[in-house]
Amino acid sequence: MAHPAVTQDIAEPTAAELIAARAHLSMHAMDGLVLEGVPLNAIADAMDTPVWVYGGGTARLRYRRLAAALDGLQTHIHYAVKANDHLAMLRVFAREGAGADVVSEGEMLRAIAAGVAPDRIVFSGVGKTARDLRAALGHGIAQINVESPAELQMLSAIATEMGRTATIVLRVNPDVDAGTHAKITTGRADNKFGVPAAEAVALYAHAATLPGIVPVGIALHIGSQILSLAPYHAAYARAAALVRELREAGQYVSRVDCGGGLGIGYGDEAGASPEAFAGVLRKAFGGLDVSLMIEPGRWLVGPAGVLLASVVLVKGAGRFVVLDAGMNDLVRPAMYDAWHGIVPLSAVDILRPTSLVDIVGPVCETGDTFARNRALAPLRAGARVAILDAGAYGAAMSSTYNARPLAPIAMVDGAHWATIRERQPHAAMWAGESIPDFIG
Ligand code: LLP
């Protein structure tokens, strides 16, 4: 009879395997875990834990690989700011010539502050407010991805009032299941995003008659952390068919914004291949004479970031390893049951025999659990670990729940590193708060 503990960790890669599969990480006998050229212990010594570390060089390399795969395809990359909105990360991509995909006035202002030209910014989102639309038109951004008749009406009124013209694409819901987690699938008919394909032709024609609006194409985004190309094939075939249909109806269509969603390998599964993805784009849109845009977030930055944490204490006869990082820092395991590799920073700790432990945070919720039944060498209080592949939807989704300050961030580029965000001082958490007089 199989021992339950054996079956539980059967499919999980070991710490050594996780490191071996990531070119930007290496383990050194003396220095411990190294990101690009910098020992992570040096950063933790200087900045304390929890601390995020981003590999700027890693993100740049990933961008270049993606750009090379798209070579010859008339495709612009608009980095999805939501995945990691730090100015330094935005600058890495801006310097490579990337545009930005934003979903709020704040993201737009961040992108501009980091040096992305407004005419390289596209604005997506299902609930853009009048304020968002005014800001977008005021900054002269490249394109607004309209998701509903109501938004179209509001945008036309605002553009007219401002004396501006809004270049728009219509976001279409292709009704394709991306085969990803239910909370991050966006292209099915019962998701809130886009307009139903059946209504797209009429709405596009209507848009073309509205003052202040110039429709130039369509957009779609079917979800996130997509590892199979099949849903992309299906969605892009529908998009190409819609382009033909719109043109037959006499409409001008020059762009297709193909969205983001390319997945990465968090465990030992292979991540999406940009080269294979480019093949899908070529097959669907080759010969259609449209310029293409893509909005990748996770694929570019996910693997390029780690969250460093220290063991506060071990309890429950060794079962619970309590870290100083919590779900307020990295919410993905609590929110999506996401699996993240967890690797000790010390070389000795990846060689010792493992036992199954739960890696948890200090927050007062059972959901504050980074890993269950994870095979790790016994870790003492003070030992450090890196939570891997935390560069996307990590710090960007952090909160100050339990009045825990936002953790600091460092960026590495080759052998260089610098602090790119200080640890939030406690008083900064209540800086905007006040106590009204009537409370006494
Ligand atoms: N474009 C649009 C319109 C989007 O909604 C998104 C992501 C992207 C592009 C970028 O998708 P990516 O290439 O990063 O998959 N917080 C979740 C992921 C939410 C994705 C939301 N939309 C997570 O941690 O898994």
Side-chain angles (χ1 to χ4, degrees), residues 59 62-63 66 70 76-85 89-90 93 98-104 107-108 111 121-128 132 143-148 151 169-174 178-188 191-195 218-229 231-232 235 239 256-266 271-274 277 292-305 307 327 329-340 370 387-399:
R62 294 184 71 81
Y63 183 90
L66 181 59
L70 299 168
H76 295 288
I77 301 173
H78 291 260
Y79 167 64
V81 172
K82 62 172 78 69
N84 183 323
D85 62 8
M89 194 59 96
L90 298 176
F93 297 126
D101 161 53
V102 304
V103 293
S104 67
E107 284 191 355
M108 181 187 74
I121 297 178
V122 304
F123 206 126
S124 308
V126 72
K128 301 179 206 74
D132 288 330
Q143 165 184 309
I144 297 177
N145 296 8
V146 170
E147 298 214 20
S148 62
E151 181 187 358
V169 299
L170 199 58
R171 176 159 173 190
V172 177
N173 185 321
T180 184
H181 191 285
K183 286 184 184 167
I184 54 174
T185 195
T186 53
R188 288 175 36 175
N191 300 141
K192 67 182 175 181
F193 300 98
V195 299
I218 58 171
L220 63 165
H221 169 76
I222 57 174
S224 193
Q225 183 53 10
I226 301 170
L227 291 173
S228 154
L229 293 177
Y232 282 121
V256 179
D257 181 340
C258 299
L262 292 175
I264 60 173
Y266 283 97
S273 147
F277 177 71
L292 302 177
M293 307 163 94
I294 59 168
E295 305 171 346
R298 184 192 319 263
W299 192 89
L300 290 172
V301 292
L307 174 60
M327 64 187 286
D329 299 301
L330 177 66
V331 76
R332 300 195 69 258
M335 192 150 172
Y336 315 108
D337 295 318
W339 195 97
H340 282 261
F370 291 115
I387 304 181
L388 304 184
D389 307 312
Y393 307 107
M397 292 180 78
S398 292
S399 75

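For the single chain, residues carry numbers from 1 onward in sequence order. As the structure lists them, so they are numbered: ligands from 1, and atoms in each ligand from 1.
- Checking Gln143 against Asn145 by side-chain atom types alone, a donor-acceptor pair falls below 3.5 Å.
- The protein heavy atom nearest to atom 20 (C) of ligand 1 is Tyr393 OH, 3.6 Å.
- Close to ligand 1: Pro296, with a non-hydrogen atom less than 4.0 angstrom away.
- Heavy atoms of Arg171 come nearer than 4.0 angstrom to ligand 1 in at least one pair.
- Heavy-atom proximity to Ala80, at under 4.0 Å, picks out these atoms of ligand 1: 8 (C), 9 (C), 10 (C).
- A distance-only check finds a donor-acceptor pair linking the side chain of Arg62 to the backbone of Trp299 [under 3.5 Å].
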Verdict with reasoning, Phe93 to Ile77, per side chain to side chain contact (heavy atoms under 4.5 Å, CB included): CA-CA 10 Å; Phe93 297 126; Ile77 301 173; over 6 Å; no

Does Leu70 form a side chain to side chain contact (heavy atoms under 4.5 Å, CB included) with Ile294? I'd like the steps, not just the answer. CA-CA 10 Å; Leu70 299 168; Ile294 59 168; 3.6 Å; yes

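- Not one N or O on the side chain of His78 forms a donor-acceptor pair closer than 3.5 Å with the backbone of Gly99.
- Checked for salt-bridge contact, Arg171 and Asp257 miss the test: no charged N lies under 4.0 Å from a carboxylate O.
- When non-hydrogen atoms are compared, ligand 1 lies under 4.0 Å from neither the backbone nor the side chain of Asn145.
- With ligand atoms numbered from 1 in the order given, ligand 1 contributes 12 (P), 13 (O), 14 (O) to contacts under 4.0 Å with heavy atoms of Gly297.
- Looking at His221 against ligand 1, only its side chain comes within 4.0 Å, counting heavy atoms.
- For atom 13 (O) of ligand 1, the nearest non-hydrogen atom from the set Ala392, Gly261, Ala390 comes from Gly261.
- Using a 4.0 Å cut-off to heavy atoms of Gly260, the atoms of ligand 1 that qualify are 9 (C), 13 (O).
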Given Ile121 and Phe123, is the side chain to side chain contact (heavy atoms under 4.5 Å, CB included) satisfied, shown in steps? CA-CA 7 Å; Ile121 297 178; Phe123 206 126; 5.7 Å; no

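- Compare His78, Lys82, Arg332 by their heavy atoms: the one nearest to atom 5 (O) of ligand 1 is in Lys82.
- For the atom pair CD1 of Ile222 and CZ of Arg188, the computed distance is 12.0 Å after rounding to the nearest 0.5 Å.
- A donor-acceptor pair under 3.5 Å links the side-chain atoms of Tyr232 to the main chain of Leu262, judged by distance alone.
- Nearest non-hydrogen protein atom to atom 25 (O) of ligand 1 is Arg298 NH2, 2.8 Å.
- Of the protein's heavy atoms, Tyr336 OH, 3.1 Å lies nearest to atom 17 (C) of ligand 1.
- Under a 4.0 angstrom heavy-atom cut-off, Met397 registers as being in contact with ligand 1.
- The shortest separation from a heavy atom of Trp299 to ligand 1 is not under 4.0 Å, leaving the residue out of contact.
- In terms of N/O distances under 3.5 Å, ligand 1 is not approached by Gly259.
- For atom 3 (C) of ligand 1, the closest non-hydrogen atom of the protein is Glu295 OE1, 3.5 Å.
- Closest to atom 19 (C) of ligand 1 among all protein heavy atoms lies Ile184 CG2, 3.7 Å.
- In this structure, Lys183 contributes its side chain and Met335 its backbone to a donor-acceptor pair below 3.5 Å.
- One finds a salt bridge joining Glu151 and Lys128 here, because a Lys/Arg side-chain nitrogen approaches an Asp/Glu carboxylate oxygen to under 4.0 Å.
- Checked by distance only, ligand 1 and Ser224 come closer than 3.5 Å through their nitrogen or oxygen atoms.
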